[in-house]
Amino acid sequence: MGTLCPELDALLQPRLRRARMQHTPLPDVPELRLWLLNADFPSASLNPDEIRSAMDYPAYWAFCWASGQVLARHLLDNPAWVRNKTVLDFGCGSGVAAIAAAKAGARRVIACDLDPDARVATEVNARLNAVELYLAADFWQVREPLDLILAADVLYDRANMAWLPRFLEHADAALVADSRVRHFSVPNYHRVGGGRSCTWPDLDEDEEFRQVSLYMGARDR
Ligand SMILES: C[S@@+](CC[C@H](N)C(=O)[O-])C[C@H]1O[C@@H](n2cnc3c(N)ncnc32)[C@H](O)[C@@H]1O
């Protein structure tokens, strides 16, 4: 378990006073370590202000989501998916999928998240895992050609479904990890695998949210 990360604690503690970040290997991807919320955080004893703040400002980056773990595992086990490619991780959160892509041999990895705190967390986690990533606040800022777009657990917000066809206008392929959408049916996307994992630290989510599917989207030839 890790010691202290003042940079990320400073982002978390104004909202969750007793929270702290600790670095820990991921249960299903032990090759990677991430700074995440302390597993013994006393969530049952949050006061109303803290609950409101956690709802208004969900610190997604303080968790590694089940889909992120499954996608990272898949990339490390199948490095050919990313080797020598330019890859963008959309909704990077803690940076888990971007870091796995870099470790698996991607030529260049861009980590993109709307949340500025997620970008700080991704930068800190990239340092922890000794990989180089490029950060983007906004997908539209990225002008270079992309080989592959990764997206793990971004479809909890159904508005993000609209990104899936768009991804294939900007990259040759997209790999989406998801456990939230029950009947996934998007033109040009096909299920290519999956796995079981859990969000870490464990949020005690229902079993259905631990069953992650991987969907590959590819441009029409
Ligand atoms: C549930 S977290 C998943 C984080 C990480 N991919 C993982 O699997 O652990 C979703 C992340 O997507 C980001 N996000 C959601 N919609 C986005 C969008 N339209 N553009 C960029 N980032 C987005 C959120 O800010 C959040 O950090």
Side-chain angles (χ1 to χ4, degrees), residues 8 11-12 15 21 23-29 32-37 54-76 82 87-103 109-126 128-129 133-142 146 148-167 169-171 174-181 194-203 205-206 209-215:
L8 297 182
L11 299 177
L12 199 58
R15 296 163 179 96
M21 299 292 279
H23 71 76
T24 175
L26 297 177
D28 295 320
V29 197
L32 304 188
R33 300 183 72 83
L34 294 178
W35 285 102
L36 299 172
L37 179 73
M55 305 284 279
D56 291 348
Y57 167 80
Y60 293 120
W61 49 270
F63 296 86
C64 176
W65 297 80
S67 293
Q69 279 209 76
V70 169
L71 181 53
R73 181 72 274 147
H74 185 78
L75 296 178
L76 291 171
V82 292
V87 176
L88 180 138
D89 179 14
F90 180 89
C92 58
S94 64
V96 57
I99 292 167
K103 286 264 185 214
V109 183
I110 302 152
C112 169
D113 204 296
L114 291 173
D115 180 350
D117 294 351
R119 298 194 299 276
V120 176
T122 294
E123 202 170 22
V124 171
N125 283 323
L128 180 66
N129 289 278
L133 302 178
Y134 300 86
L135 297 167
D138 179 354
F139 184 81
W140 301 116
Q141 279 183 345
V142 179
L146 300 171
L148 178 68
I149 295 176
L150 307 173
D153 204 351
V154 297
L155 302 180
Y156 64 93
D157 180 351
R158 292 301 191 270
N160 282 333
M161 292 294 292
W163 282 96
L164 303 188
R166 229 172 269 155
F167 287 162
E169 294 164 11
H170 294 273
L175 192 52
V176 175
D178 180 71
S179 63
R180 313 277 171 198
V181 178
R196 185 182 187 281
S197 189
C198 79
T199 295
W200 200 256
D202 194 352
L203 285 173
E205 290 189 288
D206 287 346
F209 299 123
R210 296 168 184 249
Q211 301 292 341
V212 176
S213 290
L214 291 174
Y215 304 99

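Start at 1 with the first residue, then count along the sequence. All ligand and atom numbering here is 1-based and tracks the order in the structure.
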**Prompt:** Quick one: do the Asp113 and Tyr60 side chains pair a donor with an acceptor below 3.5 Å?
**Reply:** no
**Item:** Distance-only polar pair, side chains of Asp178 and Ser213, donor-acceptor under 3.5 Å
**Value:** no
In the protein, what heavy atom is nearest to [atom], and what distance, to one decimal place, separates them?
{"atom": "atom 1 (C) of ligand 1", "value": "Asp153 O, 3.3 Å"}
{"atom": "atom 27 (O) of ligand 1", "value": "Asp113 OD2, 2.6 Å"}
{"atom": "atom 9 (O) of ligand 1", "value": "Trp65 N, 3.0 Å"}
{"atom": "atom 22 (N) of ligand 1", "value": "Leu114 N, 3.4 Å"}
{"atom": "atom 12 (O) of ligand 1", "value": "Gly91 CA, 3.3 Å"}

Examine [X] against ligand 1 and note whether any of their N/O atoms are separated by less than 3.5 Å.
{"X": "Ala118", "value": "no"}
{"X": "Asp89", "value": "no"}
{"X": "Asn160", "value": "yes"}

In terms of atom number and element, which parts of ligand 1 are under 4.0 angstrom from non-hydrogen atoms of [X]?
{"X": "Trp163", "result": "19 (N)"}
{"X": "Gly93", "result": "4 (C), 27 (O)"}
{"X": "Val96", "result": "7 (C), 9 (O)"}
{"X": "Asp115", "result": "25 (O)"}
{"X": "Tyr156", "result": "1 (C), 10 (C), 15 (C), 24 (C)"}
{"X": "Val154", "result": "12 (O)"}

**Prompt:** What pair of heavy atoms forms the shortest contact from Ala121 to Gly93, and how long is it?
**Reply:** CB-O, 4.4 Å
**Request:** Report the C-alpha separation of Asn125 and Ser94 in whole Å, then their side-chain angles, then the decisive distance to 0.1 Å, and conclude whether the side-chain hydrogen bond (donor to acceptor under 3.5 Å, both in side chains) test is met.
**Result:** CA-CA 7 Å; Asn125 283 323; Ser94 64; 4.7 Å; no
**Asked** Going by an N to O cut-off under 4.0 Å, is there a salt bridge joining Arg180 and Asp157?
**Response** no
Taking the side chain as every heavy atom from C-beta outward, state whether [X] and [Y] have any pair of such atoms under 4.5 Å apart.
{"X": "Leu214", "Y": "His74", "answer": "yes"}
{"X": "Leu175", "Y": "Tyr215", "answer": "no"}
{"X": "Arg210", "Y": "Ser179", "answer": "no"}
{"X": "Leu88", "Y": "Val142", "answer": "yes"}

**Message:** Parallel, tilted or perpendicular: which one describes the rings of Trp163 and Phe139, with boundaries at 30° and 60°?
**Reply:** perpendicular
**Request:** Check each heavy atom of Phe139 against ligand 1 and say whether those closer than 4.0 Å belong to the side chain, the backbone, both or neither.
**Result:** neither
**Prompt:** Hey, looking at atom 3 (C) of ligand 1, which of Gly68, Cys92, Ala152 has the closest heavy atom?
**Reply:** Ala152
